[in-house]
Amino acid sequence: MSQIFAQGLVCPLDKNNVDTDQIIPKQFLTSVSRDGFAQAMFYDWRYLADGTPNPDFVVNKPEYQSASILLTRANFGCGSSREHAPWAIKQYGFNVIIAESFADIFFNNSVNNGMLLIQLSKTNIELLFNRCAQGPQQWQIDLQSQEILFGNNAAMGFNIDADIKQRLLSGLDFIGSSELLNPQIADYERSRKASQPWLG
Amino acid sequence: MSQATSQTLFQKIYASHVVGKLNPSTDLLYVDRHLIHEVTSPQAFSGLKLANRKVRRPDLTFATMDHNVSTQRRSLDAAGETSRKQLEALAANCAENRIPLLDLTHPDQGIVHVIGPEQGLTQPGMIIVCGDSHTSTHGAFGALAFGIGTSEVEHVLATQTLPQQQAKTLKVEINGELSAHVTPKDVILAVIGKLGTAGGNGYVAEFCGSAIRAMSMEGRMTLCNMSIEMGAKAGLIAPDQITFDYIKGKAHAPAAEHWDAAVQYWQSLYSDADAVFDKVVEIDAASITPQITWGTNPEQVIAVDQAVPAPDSFSDATKRDAAERALAYMGLQPGQKLTDCKVDVVFIGSCTNSRIEDLRAAASVVQGKKVAAGVRALVVPGSGVVKRQAEAEGLAGIFKDAGFEWREPGCSMCLGMNDDRVDAGQRCASTSNRNFEGRQGRGARTHLVSPAMAAAAAIAGKFVNIAAVNEKGDRA
Ligand code: SF4
């Protein structure tokens, strides 16, 4: 069974260790809302000091406008726990990120926002960058079969945690599924109070 | 079910918090302490409200204002309009949900990772979470402590639990004695230099060995604080008498009638002698020298008397490329000595190095001297408690006499969310934990160092090898 999770233009961001301060600088963190972060994504790279778009930054290039798949390298999303980082990326229009590796907290935050993060070997990432070097790419991501489809029957497989796959496919409510264990939580609290009364 | 009898400290804490299974690979874990602050909580509270959910355990939740408060004046509006709104939202959310809050009027207010331990909220064996990556700090007490995102903050507020999977375990064993002038900050920078910024991805790192046992709680917190900078999910140190002595008498420490039982439990929190770790790193304490970062991530670090490396010296193409970019951003040349580099700004503060021991170390370097002309130097204590103690011990006077600005507690120039920023192109000696591009201000050039090295840089107006200075009889 195939299930296309996403399809669209790929934007190649050829950098390692892209940190959350880069993804969304701190001046945008004072908001109390979940929205309005699209403009802030990669702010210091995307805009010049005078506020105009930096024509050299890949996201600003005409051929990558309306891209929805972000391709990058190792340790993407390292640094702070700010969920504003995946919010900004998603609100800009990316719902898939492909990288050699991701920082743990960023990974969880992205999944909690319904984004698909695909981790591939260094060799495979290199292959994907090579494809992009040949011109703008349109790919499909089949989550059910765990494949990136390049068209013309070419594809590359990927691994994904079974639980995360299930959550993305079914769109399960993050808090709601834990609340199903409310009786166990109450039991745990009772025994915790008995054995470690100092914890409250 | 067959189960290994030997467990690591991480595995013990994890197992004791399993509420139930969500699916074969994911457990629901109970959270003993949830710390919150103004920046990553407002959207979580609005999410709760929208779904008609309540805060399950306000009594296990604790709030402070730290990230975007002004360190010039203790006033909600001192750091600007949007900051004020965010601080007011926190206050309103805490009041509505009966969550205790150390606001700006509270004498003990401070950085979340400084006040948790100070208030006795941080205890061995706990699971502690906070919407902040440096929550790893609390691992110094033998608590499993890690940073979470806002969706997870909302999840913990609603259920007091969090879905988790077992992490891999990494043992960092540091034996031997540290040389004079080598601090826990140098130790963790050296560890990150060795393992890399992603070396700990997927792991919980336990620090052990005689060099760790000899460290104070302040030192252990500095170490665990930066374990996130090598990508580790958490840092951990088994609790011992030093830990128990630190906690005793703190406001939220176990009550007298429970104290003995608590200590007895805490004494069971260690990795069994034959426990198996997924990865082991051993480091000789005597080999560690005073460290300084030269690049734009904490792995780009050298001993202060070493020359800035040439990109060609990295065999890995990725690292070579990263070094090239970092040197351009930092305005440095390969082969250059940082001890020849002028500094413009000195920042002593942040949840890494703003505790009393850090301020004592810095003050001992500063005493009787003056900040070099043209250098802007700030000391930002981590909390009201630290500030009062530093004033009582005369440290504040030493800093002020030397020409340092003595500020109110907060995160300040660690991330520059308030008005404490480093200007583009300026070079900053900082005791904080991140030297990322733009972290302290757009175009700011950050060099991470220990408090004593930061203080010495303020006096000399350039970076200094602290070991050499002191050998010459403390005449900078
Ligand atoms: S001091 Fe810096 S690292 Fe620590 S909590 Fe504040 S902003 Fe984060």
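A, B, ... follow the sequence lines: proteins, then strands. Residue 1 opens every chain. As the structure is a computational prediction, the values presented were derived from the model and not from experiment.
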Subject >> Portion of A/Ser178 that has a non-hydrogen atom of chain B nearer than 4.5 angstrom >> reply: both
Original post:
Looking at B/Thr159, B/Thr318, B/Asn68, which one has more heavy-atom pairs under 4.5 Å with chain A than the rest?
Top reply: B/Thr318
Subject >> SB check A/Glu189 B/Arg57 (cutoff 4.0 Å) >> reply: yes
Original post:
What residue in B/Arg33, B/Gln123, B/Arg325, B/Gln160 has the most heavy-atom pairs under 4.5 Å with chain A?
Top reply: B/Arg325
**OP:** With a 4.5 angstrom heavy-atom cut-off, could you sort out which part of A/Phe102 is near chain B: side chain, backbone, both or neither?
**Re:** backbone
**OP:** For a side chain to side chain contact (heavy atoms under 4.5 Å, CB included) with A/Trp139, tell me which candidate from A/Leu149, A/Leu128, A/Leu9, A/Val96 qualifies.
**Re:** A/Leu128
**OP:** Give a yes or no on whether a salt bridge exists between A/Arg73 and A/Asp14, defined as a side-chain N under 4.0 angstrom from a carboxylate O.
**Re:** yes
Original post:
If you measure from CG on A/Leu29 to NE2 on B/His67, what distance do you get to the nearest 0.5 Å?
Top reply: 8.5 Å
Subject >> Side-chain donor/acceptor of A/Arg82 to backbone N/O of A/Ile24, under 3.5 Å >> reply: yes
Original post:
Who among A/Pro197, A/Cys78, A/Ala103 has the most heavy-atom pairs with chain B under 4.5 Å?
Top reply: A/Pro197
**OP:** State plainly whether the residues A/Arg46 and A/Asp56 are in salt-bridge range, i.e. N to O under 4.0 Å.
**Re:** no
Original post:
Using non-hydrogen atoms only, which part of A/Asn112 is less than 4.5 Å away from chain B: side chain, backbone, both, or neither?
Top reply: both
Original post:
Quick one: what part of B/Arg439 sits under 4.5 Å from any heavy atom of chain A, side chain, backbone, both or neither?
Top reply: both
Subject >> Atom group of A/Gln184 that falls short of 4.5 Å from chain B, counting heavy atoms >> reply: both
**OP:** Pick whichever of B/Gly20, B/Ala158, B/Ala262 has the most heavy-atom pairs under 4.5 Å with chain A.
**Re:** B/Ala262
Original post:
Is the charged tip of A/Lys193 near the ring of A/Trp198: under 6.0 Å from the six-membered ring centre and within 45° of its axis?
Top reply: no
Subject >> Approximate separation, where rounding is to 0.5 Å, of A/Ser31 OG and A/Phe37 CZ >> reply: 4.0 Å
Original post:
B/Arg421 versus B/Gln440: any side-chain heavy-atom pair under 4.5 Å?
Top reply: no
**OP:** Would you mind telling me which of B/Thr40, B/Asp32, B/Thr26 has the largest number of heavy-atom pairs within less than 4.5 Å of chain A?
**Re:** B/Asp32
Original post:
At a heavy-atom separation under 4.5 Å, does B/Val18 approach chain A through its side chain, its backbone, both, or neither?
Top reply: backbone
Subject >> A/Arg34 and A/Glu83, any side-chain heavy atoms less than 4.5 Å apart >> reply: yes
**OP:** Go through the atoms of B/Lys319 and report whether side chain, backbone, both or neither lie under 4.5 Å from a heavy atom of chain A.
**Re:** neither
Subject >> Interchain contact, A/Ser177 with chain B, by part (heavy-atom threshold 4.5 Å) >> reply: backbone
Original post:
Can you name the ring pair (Phe, Tyr, Trp, His ring centres under 6.0 Å) partners of A/Phe94, sequence neighbours left out?
Top reply: A/Tyr92
Original post:
So which part of B/Thr135 gets closer than 4.5 Å to some heavy atom of chain A, the side chain, the backbone, both or neither?
Top reply: neither
Original post:
Top residue by heavy-atom pair count (under 4.5 Å) with chain B, among A/Ile185, A/Asn109, A/Asp104, A/Ile105?
Top reply: A/Ile185
Original post:
Using 4.0 Å as the upper bound for N to carboxylate O, is an ion pair formed by B/Arg84 and B/Glu81?
Top reply: yes
Original post:
At a heavy-atom separation under 4.5 Å, does A/Asp187 approach chain B through its side chain, its backbone, both, or neither?
Top reply: neither
Original post:
Of the backbone (N, CA, C, O) and the side chain (C-beta and beyond), which part of B/Asn201 lies under 4.5 Å from a heavy atom of chain A, both, or neither?
Top reply: both
**OP:** Tell me, for B/His252 versus chain A, whether the close heavy atoms (under 4.5 Å) come from the side chain, the backbone, both or neither.
**Re:** neither
**OP:** Tell me, for A/Asn16 versus chain B, whether the close heavy atoms (under 4.5 Å) come from the side chain, the backbone, both or neither.
**Re:** side chain
Original post:
Taking A/Gln27, A/Lys122, A/Lys26, A/Gln166 one by one, which has the highest count of heavy-atom pairs under 4.5 Å against chain B?
Top reply: A/Lys26
Original post:
Quick one: of B/Ser133, B/Ser46, B/Ala51, B/Ala424, who has the most non-hydrogen atom pairs under 4.5 Å with chain A?
Top reply: B/Ser133
Original post:
Do the ring centers of A/His84 and A/Phe28 come within less than 6.0 Å of each other?
Top reply: no
Original post:
Which bit of B/Thr82 comes within less than 4.5 Å of chain A, counting heavy atoms only: side chain, backbone, both or neither?
Top reply: both
Original post:
How many angstroms lie between CD1 in A/Ile69 and CZ in A/Phe5, if you round to the nearest 0.5 Å?
Top reply: 10.5 Å
Original post:
Non-hydrogen atoms of chain A under 4.5 Å away: do they reach the side chain of B/Thr197, the backbone, both or neither?
Top reply: both
Original post:
Is the backbone N or O of B/Ala232 less than 3.5 Å from a side-chain atom of B/Ser136, with the two atoms forming a donor-acceptor pair by type?
Top reply: no
**OP:** Could you look at B/Gln165 and say if it's the side chain, the backbone, both or neither that has a heavy atom under 4.5 Å from chain A?
**Re:** side chain
**OP:** Select one option (side chain, backbone, both, neither) describing which atoms of B/Ile148 are under 4.5 Å from chain A's heavy atoms.
**Re:** backbone
**OP:** Using non-hydrogen atoms and a 4.5 Å limit, figure out which bit of B/Ala89 sits close to chain A: side chain, backbone, both or neither.
**Re:** side chain
Original post:
Do A/Phe106 and A/Phe76 have ring centres separated by under 6.0 Å?
Top reply: yes
Original post:
Between A/Asp44 and chain B, which part of the residue has a heavy atom less than 4.5 Å away: side chain, backbone, both or neither?
Top reply: both
Original post:
What residue, out of A/Asn108, A/Leu199, A/Asn75, A/Asn182, has the most heavy-atom pairs lying under 4.5 Å from chain B?
Top reply: A/Asn75
**OP:** Just give me the residue among A/Leu180, A/Leu48, A/Thr20, A/Asn113 that pairs up with chain B most often, heavy atom to heavy atom, under 4.5 Å.
**Re:** A/Leu48
Subject >> Flag if over 12 foreign heavy atoms under 6.0 Å of CD, A/Glu63 >> reply: yes
Original post:
What option among B/Pro42, B/Gly131, B/Ser151 has the most heavy-atom pairs under 4.5 Å with chain A?
Top reply: B/Ser151
